[in-house]
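Contents: one structure, followed by commentary.
Quick caveat: nothing in here was measured; it's all calculated off a predicted structure. Chain letters run A, B, ... following the sequence lines, proteins first and then strands; every chain starts at 1.
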Amino acid sequence: MIEEITNQYDPVKLEKKIHELWEKTDAYSKVRERRRGGKKFFFVDGPPYTTGHIHLGTAWNKIIKDSILRYRSMNGYDILDRAGWDMHGLPIEVKVEGVLGFTTKKDIEKYGVGNFIEKCKEFAMKQKDDMTGQFLMLGAWLDWNNPYMTLRDEYIEAAWWTLKQAQEKKLLEQGKRVVNWCPRCETAIADSEVEYEDRTDPSIFVKFRIKGEENTSVVIWTTTPWTIPSNVAVAVHPSFEYSKVKAVSSDGKEEILIMASPLVEDVLRKGRYADYEVLDTMPGQDLTSLSYESPLLDMVPEQAAMEHGIYLADFVTAENTGCVHIAPGHGMDDFEVGKKNGLPIFCPVGPDGRYTEEAGEYAGMHIREANRVIVEDLLERGRLLSEDEIAHRYGHCWRCKTPIIYLATEQWFIKIGELKDQMLSEIEKVKWYPEWAGSARFKDWVEGARDWCISRQRYWGIPIPVWKCKDCGKMHVVGTREELLEMSGTSEDIELHRPYVDGILLDCECGGKMKRVEDVFDVWFDSAVASWATLHFPQKKEEFDKWWPADFITEGQDQTRGWFYSQLGASMVAFGKAPYKSVLMHGFTLDSESKKMSKSLGNVIAPGDVIDTFGADTLRSFVLSSSAPWDDLKFVSGELGNINRALNILWNVYRFPLPYMVLDEFDPSEFSLESVKPSMRKEDRWILSRSQSLVNDVDKAMEKYTLHRAIRAINEFVLEDLSRWYIQLIRPRTWVEAEDPDKLAVYRVLYEVFVTLSKVIAPFMPHLAEEMYQNLVINVNADAPESIHMNDWPVIDESLVDKELEVHMDLIRSMVEASSNARQKVGRKLRWPVSRIIVAPNKESVTDAVANLKSVLMDQTNSKDVVLTGVGESWDELGFEAIPNPSTIGPAFKGDAGKIIASIKQVDAASLKKTLASSGEYELEIAGGTKVTVTSDMVNFQESLPEMSASAQFDAGTIYVDATLTREIESEGFAREVIRRVQDMRKELDLAVDEPIKAHIRIEDERVLDLVLDLEQYIAKEIRADVQVIGLDVDSTGTLSKDWDVAGVFISIGISAS
RNA sequence: GGGCCCGUAGCUUAGCUAGGUGGAGCGCACGGCUGAUAACCGUGAGGUCCUGAGUUCGAAUCUCAGCGGGCCCA
């Protein structure tokens, strides 16, 4: 049987109970199991990094995923949805280093790589478990028991297999490149791991002495003095003009400087020169014949042995000096210039950021310290033109915040450049939500794609499966564990992490031994292979054939350059096509000031805190409804309260009929909806139609993944249609005590609406939906599916849809609103009936609506009658007031104007209006008996309302309320005033709804007493009084007694339980 | 500096694709309802639709430029 529920919506308690129920019944597995054999829906969870705690953005992400998957599941889809975890990489290494107190790689080596990665593994697993718990609190259903984890051997094999594909397709390359390098972590890091932050660096102008020309230098500018020992060349722009300038310092010393012409004044000002003279100008091209010597050739022996020339490059800008210092070992552009011109790639800096022996005198010094020393050395040698500081954006390691440097190192690359065109054509085959996420944003990113450096010089990662022969240099890429064991002749089962795989040697054809290169993969490569790794490919090819590629993925906009891209790249390498068919890109969470949430700003919202206060369903409803998925989400805590209120109203609406149903032992299984149809009223049919329209609206929204529209439609239905309208309409019907088909119809209709509604909210507010379902369905029919989430999505029943009725009801609602407005103007509260309302429509549909729903209109306006005028007509009892128009009367009648104006106000306005309307003229008698003729332009008319009436506009016409009092109306009004106060007191005594009472009522006004006594029986019935005394001097004592002032009349009431 | 997105009442937002009198909710003020009641309803005040220019009879909506915020890049 249906049960009563708690007064208060208590989401925290409710959700705990539901979680226990789900766990006890293993609901998730049963839901997925139920859809086996249905249309397949392969979802790949973008793996969050195992940081140990979720934030609002990750919560939003999982809530979107969960809602979409629940909706799909209810629509019959067979869903594959393993949760995923990104568990390798620097962030965890850095954290573990922190715990162990390590600062350099040497500490790790000393501790033992095996010990270190065990710690990393332990750490990652622990964080994963913590986060799983947090995600579960959101009610997010993914396959949490069987997640894919990047640290598993089976997962590692998927990455290995993919790299082997790259090798076979000749897309894998090893080579020297300039990469972003973190000197603390001693590894290459990806572009996407570089975080740009403000930083202050030296800003120096340096003079490079030209060979073979007396006292002449080319001037360059740099913010990295430590790269001067690595200088190999200077670049100038082919189309800029350069000047040779004789510069004179304040002490009269002269020297000749070369720089871009437009920058001469700026540069000389920096050098505090007193005067100058331009000796010559020339195009950049002319400078290429010059050569110069390093300013530090006495410090760095290699520099003395090197040729230094000037070269042309397009990337040179007209800033600073227009001559760019080129160190091919320390810059991407520099490297390109070096390669193009066959220059040496001189890089005397080691992985730890210290100079190597090649740096001569500087060997062993850290580059950050070297900055200062080198500036000093330049000054001593007279090569420093100026020294200053600059605040600029500079790249930092996203994990340890160390400023990065650029180093030319040996790395492994995937040649994305060769795949670019295919990638672009694959993008077009993918369905993007919103469309521009693919056609604009992602396309732009891919067009600028560079080769992908996949190697890292670290420990906690997937080992790059490349073995190289120590003797002949031959290389082999291992694709699977089996291949590794077979080739090495090992039978023991080893883990595929460092240092275990490092110890395995393979035999080379040359008779030598092959050893694994030491690098591990960039973690982006890990998650890039998720769509097949999660299918246990390459171990299980059948699963892959059955599911791949993914039907759907959804992640934040930052993943455009991240996971959307890395997956596409890896998939092109492996299979030559996109790994996903549709992508929903969602936004970022911002704080109330539109600033991004970050730990350093201290504005981070923990989802757990929100859940502890408002529950997960409120959080879900909030994040889903606040903005379109792809817009950023502004988190304003006040808005949470609003959403929570909406859910509370839903709770109240659902709770409202339950006590009556319980009292009447209503059993919905005994009555079909069909069987109560004859007893349904128009409003019943209306709410059924509205509920069907709601299903349709939600379907439409979900089709385009506009989840915000779905939630808003639901909230609108609950607030407007159910709470503010339907429940108000049916209240009196639920109070009827007898067996009544009219009441039964309401019960059955409400039941139908609630069951449908619980299904419609199920994807979005899964806990509340489950709660409603358990009570409404499971308590009635134990054979029904155990969980709401096992149910099918409601199919629209066309026989219940009546669009015209919905339109009519809308009109009636706007009439009721207008009537309230008019009542307020005339000062008549709703508790007091009015004799009639007059509807003056301006379109035909109003006439139909009133005819169709007259009882609803009368009921809600509390009127005894409804008068309907013809379309476009006004109420025939309206009066008219003639308003003279002095601006036309004045010029026409001059001195008599005043008399005419007075006279117009006195004549019968109705006949004046009628005559003017027909002939355009009116004979008017003015003071003194003179007759004048006035014309239409001299008089305006204004409608005037009869006494005790008021009007208000509504959507399609005007409502007039006639609030004239009659004895009957006054009697009813006062009776209801009394009833309301007694009900209030019953409530205060906490009496049961059907508990009989004794009531003693003293009314100290004879006229009012008389009016009230007219309805004595009615009052007794309404307040359930079996003893009721009403009189002028009644002793109003009782368990509770109270005095009231009703419109100036003193009324004293005492009640007690009988 | 570049690409993409966003900018509407004090706050959160609908409307923008297909141009034609700007709608809600919260908050505020006043009123109403009363067995959903720690709930609910009505009315009112409150808008340079970020700024400027253009297209058009007409622009919140289309175009361009700028400003502010976000994501990504340099």
Quiz item: Is a donor-acceptor contact shorter than 3.5 angstrom present between the side chain of A:S723 and the base of B:A39?
Solution: no

Quiz item: Which base sits across from B:C40 as a Watson-Crick or G-U pair, both distances under 3.5 Å?
Solution: B:G32

Quiz prompt | Atom-to-atom span, CD of A:E716 to P of B:A24 - whole angstrom | solution = 11 Å

Quiz item: Can you tell me how far P of B:C40 sits from CG of A:L830, to the nearest Å?
Solution: 18 Å

Quiz item: What is the distance from CD1 of A:I714 to P of B:A14, rounded to the nearest Å?
Solution: 17 Å

Quiz item: Checking all strands, does A:Y565 fall into the base, sugar-phosphate, or nothing category for heavy-atom contacts under 4.0 angstrom?
Solution: nothing

Practice problem: Verify the contact: side-chain N or O of A:R831 to OP1 or OP2 of B:U34, cut-off strictly under 4.0 Å; return yes or no. | Solution: yes

Practice problem: Have a look at A:R828 and say if it touches a base, only the backbone sugar-phosphate, or nothing, with a 4.0 Å heavy-atom cut-off. | Solution: nothing

Quiz item: Is the A:F564 to A:W445 ring centre distance short of 6.0 Å?
Solution: no

Quiz item: Paired with B:G47: which nucleotide, if any, by Watson-Crick or G-U wobble criteria at under 3.5 Å for both distances?
Solution: none

Quiz item: Considering Watson-Crick and G-U wobble pairs with both distances under 3.5 Å, what does B:G1 pair with?
Solution: B:C73

Quiz prompt | Length of the line joining A:L719:CG and B:A36:P, which is rounded to integer Å | solution = 17 Å

Quiz prompt | Base-contact (B) and sugar-phosphate-only (S) positions in nucleotides 4-9 of chain B, heavy-atom cut-off under 4.0 Å, - elsewhere | solution = BSS---

Self-check item: Sidechain N-carboxylate O distance under 4.0 Å for A:E639, A:K634
Solution: no

Practice problem: Flag the pair A:E977 and A:K829 as a salt bridge only when some basic side-chain nitrogen lies within less than 4.0 angstrom of an acidic carboxylate oxygen. | Solution: yes

Quiz item: Across the strands shown, which category fits A:T560 at heavy-atom distances under 4.0 angstrom: base, sugar-phosphate, nothing?
Solution: nothing

Quiz item: Considering every strand shown, what is the Watson-Crick or G-U wobble mate of B:G23 when both distances are under 3.5 Å?
Solution: B:U13

Practice problem: Indicate, with a heavy-atom threshold strictly under 4.0 Å, whether A:Q728 touches base, sugar-phosphate, or nothing. | Solution: base

Exercise. Name the nucleic acid region contacted by A:V653, choosing base, sugar-phosphate or nothing; use a 4.0 angstrom heavy-atom cut-off, strictly under.
Key: base

Quiz item: Thinking salt bridges, do A:R441 and A:E435 make one under a 4.0 Å N-O criterion?
Solution: no

Quiz item: Separation of A:E639 atom CD from B:G25 atom C1', in whole Å?
Solution: 8 Å

Quiz item: Roughly how many Å is it from CH2 in A:W563 to C1' in B:C71, rounded to a whole number?
Solution: 18 Å

Quiz item: Does the gap between the ring centers of A:Y433 and A:W630 come in under 6.0 Å?
Solution: no

Quiz item: Expressed in angstrom and rounded to an integer, what is the separation of A:Q559 atom CD from B:C72 atom P?
Solution: 9 Å

Practice problem: Please work out if A:R976 contacts a base, only the sugar-phosphate, or nothing of the nucleic acid, heavy-atom cut-off 4.0 Å. | Solution: sugar-phosphate

Exercise. Using the salt bridge (Lys or Arg N to Asp or Glu O under 4.0 Å) rule, take A:R712 and A:E716 through it: C-alpha gap first, then chi angles, then the decisive distance, then the call.
Key: CA-CA 6 Å; A:R712 287 170 188 176; A:E716 177 106 348; over 6 Å; no

Quiz item: So does A:Y9 get a side-chain nitrogen or oxygen closer than 4.0 Å to the phosphate oxygens (OP1/OP2) of B:A39?
Solution: no

Quiz item: Does the A:R823 side chain pair with the main chain of A:A963, one donor and one acceptor, at a distance under 3.5 Å?
Solution: no

Exercise. Take atom CH2 of A:W832 and atom P of B:U34, then tell me their distance rounded to the nearest Å.
Key: 13 Å

Self-check item: B:U63 pairs with, by Watson-Crick or G-U criteria that keep both distances under 3.5 Å
Solution: B:A53

Practice problem: Decide yes or no on salt bridge (Lys or Arg N to Asp or Glu O under 4.0 Å) for A:E771 and A:K13, but give the supporting numbers first. | Solution: CA-CA 11 Å; A:E771 170 71 20; A:K13 218 155 124 192; over 6 Å; no

